[in-house]
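Every value quoted in this text rests on a predicted model; they were computed, and no experiment measured them. No hydrogens, no waters, no symmetry mates; every other heavy atom, side chains included, goes into these values. Counting begins at 1 with the first residue of the sequence.
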Amino acid sequence: MQKIVFSGVQPSGMLTLGNYLGAIRQFVALQDEADQAYYCVVDLHATTVRHDPKTLRDYTLMVSKLYLASGIDPNRATIFVQSHVPEHAELAWLLQCVARTGELSRMTQFKEKGGDKETVSVGLYTYPVLMAADILLYQTTHVPVGEDQKQHLELTRDLAERFNRDYGEVFRLPETIIPDVGSRIMSLDDPTKKMSKSNPSEMGRIHLLDPDDIIEKKIMRAVTDSENVIRYDPEKKPGVSNLLAILALVRGEHPEVLAEAFSGQGYGALKRSVADAVLEVLRPIKERYEHLTDEETLKILREGADRAQAIARKTYREAAQAFGYICRESS
Ligand code: TYM
């Protein structure tokens, strides 16, 4: 069976070290292993909460460039913008008629984002169904994501299974790829919370394009604890363990092994090593980003959308036909 990888990132803010270590790094590694890889900039998802149209346009281009700067190669993977392939919204509608209000009400991200308030958009509620459509359109076999997307992936499988059972085998059930370490990089100023691009606190997150001195400052000021003992224990020592996890990921080592290597040293020494390692891993990304023009990026996105749409259209037609929508043209 072909290995088909799909994943997406919302252009809803500056991408963080969490997005990179939890997701984008896996995208780069998987483009070589997969027969097909699709990496989408999910702009439709970024409008489920109030947004500024100009900022959305800027972020859409920025995320696309960061995909490229991080090492995603448009010759090996398809990079495209979600709204350029209207089949995503079309299949989402169909799947909304398969999804149940009960299962969407149980989504923890929806609840965390204030799902109980009457003023949240209907789009925020149906967001996970659009995500399922993204994945199922490409007959995806593997979806690399951070830990926070796990429940959405379970819903995707449930919807695919229900559709296949009730209307015929159309969709493949995807597997989730969540890294053992790095699936949840924590905020630097509050290590009990996830590092998030939409969190108001700037000190808690490292932006991939932050200047070196700012990155250093954020890491050197990271909240730890008063014990001054280096040990990997995410429950009891979330701050120190988060720093060890970041260092381990960047260096390709294990956080427990690093903890031993640092034993007897103070938090200052650990932070210095983390800062140096992060600066080193982000430097080439920042350099490549600077050299990418809007024109070449837009060209890559156009070609990507053409390639993606050819596949998406085929799957959508099969699903629509099985569901009872008659096709305008015969395929
Ligand atoms: P988004 O834009 O919030 O995040 C993009 C990816 O980064 C991961 N991530 C993290 N990983 C580790 N530590 C963190 N602190 C951290 N913060 C974010 C996320 O888990 C994600 O993998 N709904 C998705 C986007 C999406 C999608 C899809 C993903 C839309 N359709 C289809 C996969 C397949 C989201 O909001 O990701």
**Asked** Taking it one step at a time, do Lys299 and Glu295 satisfy salt bridge (charged side-chain N to carboxylate O under 4.0 Å, His left out)?
**Response** CA-CA 6 Å; Lys299 182 167 178 280; Glu295 290 67 35; over 6 Å; no

**Request:** Begin from the C-alpha positions of Lys197 and Leu15 and carry the test side-chain contact (heavy atoms from CB on, under 4.5 Å) through to its verdict.
**Result:** CA-CA 6 Å; Lys197 56 173 129 69; Leu15 295 198; 3.6 Å; yes

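Ring pair Phe163/Tyr167 is tilted by interplanar angle, where 30° to 60° counts as tilted.
Around CD of Gln265, the count of heavy atoms belonging to other residues, nucleotides or ligands within 6.0 Å exceeds 12. Atom NZ of Lys3 has more than 12 heavy atoms from other residues, nucleotides or ligands within 6.0 Å. Around NZ of Lys113, the count of heavy atoms belonging to other residues, nucleotides or ligands within 6.0 Å exceeds 12. Annotation for Glu227: atom CD counts as buried by contact number, over 12 foreign heavy atoms lying within 6.0 Å. Taking a 6.0 Å sphere around CG of Asp294, one finds it holds more than 12 heavy atoms contributed by other residues, nucleotides or ligands. Remark: Arg50 CZ is loosely packed, at most 12 non-hydrogen atoms of other residues, nucleotides or ligands lying under 6.0 Å away.
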Would you give me the side-chain donor-acceptor pairs under 3.5 Å for residues 88-97, sequence neighbours excluded?
residue: His88; atom: ND1; partner: Asp134; partner atom: OD1; Å: 2.8
residue: His88; atom: NE2; partner: Tyr138; partner atom: OH; Å: 2.9

N/O donor-acceptor pairs under 3.5 Å from side chains in residues 249-256, not counting sequence neighbours:
none

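Defined by atom type and a distance below 3.5 Å, a donor-acceptor pair is present between the side-chain atoms of Thr16 and Asn19. Side-chain atoms of Gln36 and Gln2 form a donor-acceptor pair, as typed in the model, at a separation below 3.5 Å. Side-chain contact check for Asp43 and Thr60: no donor-acceptor pair (N or O, by modelled atom type) lies under 3.5 Å.
Salt-bridge check for Asp148 with Arg184: failed, with every basic side-chain N at 4.0 Å or more from each acidic carboxylate O.
Residues satisfying the ring-ring contact (aromatic ring centres under 6.0 Å, His included) criterion with Phe110, sequence neighbours excluded, are Tyr125.
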